[in-house]
Amino acid sequence: MSKRKQKLRVHETPLLEDHDALGVYLPETHEIHIDPRLKARKYLTILCHELSHALRPNMPERASEEWAENAGEVLSAAIWGKGFRRLAK
């Protein structure tokens with residue numbers, strides 16, 4: 001029997017200003033929370049970073065953070081370079 005994958009959900013949540021993170025991936029609920037106040041390019045970079053964590057949830061934390069940082073930068077640069085932009089609601 002195949003294991004059914006949980007749908008990834010992205011929530012826009014103003015994060016605490018005294019907190020270091022601009023986004024967070026929660027593996028137990030398969031959710032990403034990202035601060036909606038971010039400018040478009042930073043929002044994309046943080047979203048790609050958190051999606052990278054979602055792709056490799058069992059990676060050790062230190063290696064995962066380095067990998068997600070690099071992946072977020074590379075992915076967002078490629079997407080941004082192709083003209084994709086965040087639309088205002």
Side-chain angles (χ1 to χ4, degrees):
M1 196 186 304
S2 68
K3 185 178 178 181
R4 188 174 182 185
K5 288 200 174 208
Q6 188 177 9
K7 183 178 179 179
L8 177 68
R9 297 190 188 280
V10 178
H11 303 282
E12 290 189 339
T13 308
L15 300 174
L16 299 175
E17 292 188 18
D18 63 340
H19 194 269
D20 237 3
L22 300 173
V24 64
Y25 169 65
L26 304 173
E28 54 281 347
T29 57
H30 207 46
E31 295 176 322
I32 291 173
H33 291 266
I34 188 166
D35 198 318
R37 299 171 292 188
L38 296 171
K39 294 200 181 288
R41 177 64 193 267
K42 187 70 169 177
Y43 186 100
L44 178 61
T45 301
I46 299 299
L47 180 59
C48 288
H49 175 104
E50 299 308 332
L51 287 167
S52 298
H53 282 301
L55 290 172
R56 314 260 325 253
N58 298 321
M59 189 180 240
E61 186 175 344
R62 183 179 169 124
S64 175
E65 196 55 39
E66 185 177 330
W67 185 80
E69 190 71 28
N70 291 332
E73 290 293 333
V74 169
L75 291 169
S76 66
I79 293 167
W80 192 264
K82 285 296 188 183
F84 285 86
R85 300 294 184 265
R86 181 177 178 211
L87 299 177
K89 290 184 178 181

**Student:** Not counting sequence neighbours, list each pair that qualifies as a side-chain hydrogen bond (donor to acceptor under 3.5 Å, both in side chains) and has a residue in residues 53-63.
**Tutor:** His49-His53, His53-Ser64, His53-Glu65
**Student:** Closer than 3.5 angstrom, by distance alone: can the side chain of Arg37 be matched with the main-chain N or O of Leu15 as a donor-acceptor pair?
**Tutor:** yes
**Student:** If I take atom OG from residue Ser52 and atom CD from residue Glu73, how far apart are they, to the nearest 0.5 angstrom?
**Tutor:** 10.5 Å
**Student:** Out of Thr13, Leu51, Leu26, which residue meets the side-chain contact (heavy atoms from CB on, under 4.5 Å) rule with Ile32?
**Tutor:** Leu51
**Student:** Do Leu47 and Leu38 sit in the same hydrophobic cluster, where Ile, Leu, Val, Met, Phe, Trp and Tyr count as joined when their side-chain heavy atoms come under 4.5 Å apart?
**Tutor:** yes
**Student:** Provide the closest heavy-atom pair for Pro36 versus Glu12 in the form atom of the first, atom of the second, distance.
**Tutor:** CB-OE1, 3.6 Å
**Student:** For Val74, what residues pass the side-chain contact (heavy atoms from CB on, under 4.5 Å) criterion, not counting sequence neighbours?
**Tutor:** none
**Student:** Can you list the other members of the hydrophobic cluster that holds Phe84, where links are side-chain heavy atoms under 4.5 angstrom apart?
**Tutor:** Leu44, Ile79, Trp80
**Student:** Does the separation of the ring centres of Tyr25 and His30 fall below 6.0 angstrom?
**Tutor:** yes
**Student:** Do Glu50 and Ile34 have side chains that get closer than 4.5 Å, going by heavy atoms?
**Tutor:** no
**Student:** Using the side-chain hydrogen bond (donor to acceptor under 3.5 Å, both in side chains) criterion, which residues pair with Thr45? Sequence neighbours excluded.
**Tutor:** Ser76
**Student:** Under 6.0 Å from the CZ atom of Arg41, do we count more than 12 heavy atoms belonging to anything else shown?
**Tutor:** yes
**Student:** Quick check for you: to the nearest 0.5 Å, what is the distance between Tyr43 atom OH and Asp35 atom CG?
**Tutor:** 9.5 Å
